Every structure is written in structure tokens, then in C-alpha cells.
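Comments concern the structure below.
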Amino acid sequence: MDSAQLFTWEALSAMGGASLLTFFVVQYTKTLVDRLAPRLPTDLFAVLVAFAILTLAQLANGADGRDWRVYGLAFANAFLVAAAAGQISNKAIHPPGSGP
């Protein structure tokens with residue numbers, strides 16, 4: 001493993017790495033997605049992004065792409081990752097001690 005990498009497939013399989021990347025992807029693409037799919041709520045978009053990240057990370061780590069359980073678990077975990085990414089967003093917008 002190259003220690004110069006900020007993200008690794010193993011890190012993206014974990015809650016912290018997947019949440020952080022989900023936060024970044026949603027923040028950088030939200031304006032475009034709002035124009036293309038104005039009825040798609042940001043929370044649901046974050047779940048879809050998290051699902052894609054978790055699925056790719058599992059497949060990159062050697063999971064069998066023909067096993068439905070990979071996708072089921074990625075889908076379930078996507079909600080947790082999206083919620084954590086939402087908290088990262090809240091802290092970025094309203095850092096602790098920044099006001100009322």
C-alpha cells in the first residue's frame with residue numbers, strides 16, 4: 001500500500017472514509033444535480049452516492065460481484081454513511097462555537 005494515498009479502497013470500505021468522500025462528492029456535484037434532477041432530494045442523492053462508493057470499495061477489495069449480499073449490505077450501509085456525511089456538512093456550515 002502506498003502511504004502517499006489519501007483514500008484507499010480499505011478506507012472507503014470504512015465509515016469514516018466513505019462518509020468523507022460522500023460529503024465531498026455531494027458538495028461538488030449538488031448544483032449540477034439540482035439542475036438536472038430538481039426533484040431529487042439531497043439526502044437521497046447522498047444515499048445513492050454512498051451506495052456507489054461502498055459498492056465500488058467492496059468490489060475493489062475482492063468481493064464477488066455476483067453475490068447479491070454485497071449490494072444489499074452496501075445499500076443498508078449507504079444510509080448510515082449518508083447520515084454521517086450530512087453531519088460533516090452540518091459541522092462545516094455551522095462549526096461548534098460559531099454562534100447561536
Side-chain angles (χ1 to χ4, degrees):
M1 178 168 82
D2 184 6
S3 62
Q5 292 180 4
L6 299 177
F7 283 116
T8 63
W9 290 114
E10 291 81 17
L12 291 176
S13 295
M15 180 72 140
S19 299
L20 188 58
L21 185 57
T22 297
F23 165 71
F24 285 134
V25 170
V26 170
Q27 289 302 309
Y28 279 97
T29 60
K30 182 177 175 358
T31 303
L32 176 63
V33 171
D34 284 346
R35 274 191 256 139
L36 297 175
R39 293 179 172 250
L40 180 65
T42 302
D43 293 343
L44 182 56
F45 176 55
V47 171
L48 296 173
V49 169
F51 174 72
I53 290 168
L54 291 168
T55 300
L56 288 173
Q58 290 301 311
L59 295 173
N61 282 327
D64 182 3
R66 296 169 294 178
D67 187 354
W68 65 270
R69 295 175 293 182
V70 170
Y71 306 101
L73 196 55
F75 181 72
N77 287 329
F79 288 92
L80 299 173
V81 168
Q87 287 302 313
I88 294 170
S89 179
N90 287 339
K91 293 297 181 188
I93 295 169
H94 306 290
S98 67

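What you are looking at is a predicted structure, and each value in this text was computed from that prediction instead of being measured.
- A 4.5 Å side-chain heavy-atom check between Ile88 and Lys91 finds every atom pair outside the cut-off.
- Side-chain atoms of Ser13 come within 3.5 Å of backbone N or O of Trp9 as a donor-acceptor pair.
- Val33 and Phe23 fall within the same hydrophobic cluster, defined by Ile, Leu, Val, Met, Phe, Trp and Tyr side-chain heavy atoms under 4.5 Å apart, directly or through other members.
- The shortest non-hydrogen separation linking Ser19 to Ala84 is OG-CB, 3.2 Å.
- Interatomic distance, CE of Met15 versus CG of Leu80, reported as 5.0 Å (0.5 Å rounding).
- Leu44 approaches Leu40 most closely through the heavy-atom pair CD2-CD1, 3.7 Å.
- Summarising the geometry of Ala18 relative to Leu12, their closest heavy-atom pair is CB-O, 3.4 Å, with the distance given to 0.1 Å.
- Taking each heavy atom of Leu54 and Ala78 in turn, the nearest pair found is CD1-N, 3.6 Å.
- Annotation for Pro95 and Ala92: closest pair CD-O, 4.0 Å, computed over non-hydrogen atoms.
- Under the salt bridge (Lys or Arg N to Asp or Glu O under 4.0 Å) criterion, Arg69 pairs with Asp67, not counting sequence neighbours.
- The ring-ring contact (aromatic ring centres under 6.0 Å, His included) contacts involving residues 24-83 comprise Phe75-Phe79, where partners must be two or more places apart or lie in separate chains.
- In this structure, Leu36 belongs to a hydrophobic cluster whose other members, linked by side-chain heavy atoms under 4.5 Å apart, are Leu32.
- By the criterion of side-chain heavy atoms lying less than 4.5 angstrom apart, applied directly or through intervening Ile, Leu, Val, Met, Phe, Trp or Tyr residues, Val49 is not grouped with Val81; the two fall into different hydrophobic clusters.
- The structure places CG of Leu20 at 9.5 Å from CD1 of Ile53, a figure rounded to the nearest 0.5 Å.
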